[in-house]
Amino acid sequence: MGVVRKHSIQYSIIFYTGIVLGYINTVILFPNVLAADEFGLTRLIMSVAIIISQFSQLGSPNMIIRYQPYFSNKILSISLVICAIGLFITLSTLLVFQDFIVSYYEEKSPLFKEYFMLVIPFGIAMVFTNIFDAYLRTFYKNWVSTLLSSVVLRLIWTALILFHYYDIISYHQFIFLFAYAYTSISLLSLLYIFYLGKFKLEFRFNNNETDLLKEIKSFSLFTLLSGLSAFLINKIDILMLGSYEGLEIVAVYAIASYMASVIVVPGSAIARTAQPLVANAFKSNNVDVIASIYKKSSNHQLLLSGAVYALIILNYSSLLHFLPPIYVDSFLIFFFLGLSRMVDTGLGINGIIIINSTHYKIDTLFSLGLLVVTIISNLVLIPHYGAVGAALATMLSLIIYNVAKYLFLKTTMNLSPFSIKSVLIMLILMVSFTIAYYIPSIDNVFLDVSIKSVSMLALFVPLTYFTKVSKELNELLKKLIQAKL
């Protein structure tokens with residue numbers, strides 16, 4: 001886990017810097033500068049662009065990670081061809097059904113009809129950003145794409161919303177530039193690949209590589225369906241809320257969803273670095289390495305994500321203190337979404353293991369089945385409970401999805417992420433949170449957040465250290481203490 005720990009820490013530092021910027025944008029600037037429906041439009045355009053990118057890239061990011069050990073730099077050439085085909089098919093289909101899609105939102109979200117075409121440049125930029133990101137990850141350059149997407153992109157959006165606030169640009173210009181901002185990230189990623197000397201287009205393959213190309217066709221199809229289902233499970237709530245409830249409710253939901261997204265940062269950091277390691281371990285058929293990464297990743301993700309979840313629950317009302325009243329009553333949405341993220345990260349890298357194994361087709365079947373469950377649960381719960389119903393549907397779907405993957409790995413490969421440390425971690429989280437929760441609130445928001453957060457961490461950190469639930473985190477704490485001394 002040395003490589004995983006090193007790169008996960010780098011990733012987390014950059015990503016949490018992005019989280020601060022994201023908080024400034026999503027929780028402070030955007031809701032206060034834009035009307036609720038205008039803010040909701042930014043979330044809806046982004047969600048549709050993500051769906052477009054998932055269709056268009058045809059499973060290429062996972063394909064790059066899995067097959068780079070066999071093709072080296074040639075894998076980029078293969079993925080670019082696949083994405084060109086995917087973009088042509090997806091965009092052609094989108095334009096053919098444009099009127100039908102827009103009509104679905106016309107009554108409740110009329111702004112979406114006016115700016116619908118912006119999803120195309122946004123989606124195209126996402127495709128190439130995802131491809132370049134996956135390619136850089138194979139060289140353990142997580143920090144580059146993370147810096148660009150989490151920090152640089154958000155700084156661009158900060159500048160744009162401030163330009164709009166000071167009437168330097170109109171809302172029309174703002175939303176146009178907002179959608180095109182992702183293009184800069186894609187171009188900067190490409191320039192860095194050129195800088196590394198890794199951009200080489202080559203289409204000559206030896207016999208072994210030709211045989212693997214046939215396998216890639218099947219892998220790309222199944223991972224496309226799997227990846228698309230996973231993204232839809234996370235985005236179908238916003239897409240359906242935009243139609244059933246309107247852009248204002250989408251804006252409220254987006255605030256809670258953003259807060260929940262912070263929970264997965266430690267898990268994302270570990271998973272992004274662990275994926276190429278798992279792919280290489282499968283190449284050498286080293287099941288012991290896979291089992292070790294699986295167990296350690298689960299412990300670290302549960303510990304760190306759980307701490308973040310607990311801290312946000314403690315301070316949720318304070319974190320939303322500066323928002324207009326329409327956004328404040330969103331705690332239940334966050335609670336359900338946050339719990340779903342906890343389960344998702346706490347069960348470790350189960351999806352990564354399945355996708356990189358010979359059982360990758362099973363992950364697709366799980367994903368498609370759960371996509372159906374997600375759609376049905378949203379159809380049932382949104383009309384009755386609105387945004388809370390959408391959050392509840394997402395939570396139920398992700399829990400079912402992850403439990404199914406856990407049971408599959410347990411029965412087929414005898415892999416499990418759980419141990420006595422998992423129980424200890426849950427006890428540490430519950431004790432630390434409960435004691436901090438009963439500290440009386442005070443009127444000063446900044447002081448209230450500081451007291452509750454420090455109180456919880458003052459319990460959480462020593463309990464984590466002395467119970468030795470994470471050898472790696474203990475080593476990190478020792479180094480930090482020695483550095484201070």
| request: Using a 4.5 Å cut-off on heavy atoms from C-beta on, say whether the side chain of Ile255 contacts that of Pro31. | output: yes
| Atom OH of Tyr23: over 12 foreign heavy atoms under 6.0 Å | yes
| field | Single hit among Phe174, Tyr171, Phe322, Tyr258 for ring-ring contact (aromatic ring centres under 6.0 Å, His included) with Phe30 | value | Phe174
| message | Rounded to the nearest 0.5 Å, what separates atom CZ in Phe128 from atom SG in Cys83? | response | 6.5 Å
| task | State whether a side-chain donor-acceptor pair under 3.5 Å links Ser441 with Lys452. | result | yes
| field | Full working for side chain to side chain contact (heavy atoms under 4.5 Å, CB included) between Leu41 and Phe112 | value | CA-CA 6 Å; Leu41 178 64; Phe112 185 60; 4.0 Å; yes
| said: Taking the ring centre of each residue, are Phe334 and Tyr309 less than 6.0 Å apart? | reply: yes
| message | Testing the 3.5 Å rule here: is there a donor-acceptor pair between the side chains of Asn350 and Tyr294? | response | no
| query | When you look at Met395 and Ile399, which way does the side chain to side chain contact (heavy atoms under 4.5 Å, CB included) test go after all the steps? | reply | CA-CA 6 Å; Met395 182 193 73; Ile399 288 176; 3.8 Å; yes
| said: Can you see whether Ser453 engages Asn315 through a side-chain donor-acceptor pair at a distance of less than 3.5 angstrom? | reply: yes
| field | Interatomic spacing from CZ in Phe178 to CG in Leu160 - rounded to 0.5 Å | value | 9.0 Å
| task | Measure from NZ or CZ of Lys113 to the centre of the six-membered ring of Tyr115, then state whether that distance is under 6.0 Å and the direction lies within 45° of the axis. | result | no
| Between Thr90 (side chain) and Leu87 (backbone), is there a donor-acceptor pair under 3.5 Å? | no
| task | Starting at OG of Ser150, measure out to CG of Leu153 and round the result to the nearest 0.5 Å. | result | 8.5 Å
| Are the side chain of Glu114 and the backbone of Leu111 linked by a donor-acceptor contact shorter than 3.5 Å? | no
| query | Hey, are Ser60 and Ser79 close enough side-chain-wise for a donor-acceptor pair under 3.5 Å? | reply | no
| field | Point-to-point distance, once rounded to the nearest 0.5 Å, from CZ of Arg43 to CG of Leu247 | value | 12.0 Å
| query | Within the side chain of Thr345, is there an N or O that forms a donor-acceptor pair under 3.5 Å with the backbone of Val264? | reply | no
| task | Have a look at Ile161 and tell me which of Leu29, Ile24, Asn32 forms a side chain to side chain contact (heavy atoms under 4.5 Å, CB included) with it. | result | Leu29
| said: Test side chain to side chain contact (heavy atoms under 4.5 Å, CB included) on Ile353 and Lys405; report intermediate values, then the result. | reply: CA-CA 10 Å; Ile353 294 173; Lys405 289 190 290 185; over 6 Å; no
| said: Evaluate Tyr316 against Ser330 for side-chain hydrogen bond (donor to acceptor under 3.5 Å, both in side chains), listing each step before the verdict. | reply: CA-CA 9 Å; Tyr316 193 79; Ser330 58; 2.8 Å; yes
| said: I need the Ile124 CD1 to Tyr180 OH distance, nearest 0.5 Å. | reply: 8.0 Å
| message | As an exercise, state the distance from CH2 of Trp157 to CG of Leu177, rounded to the nearest 0.5 Å. | response | 12.5 Å
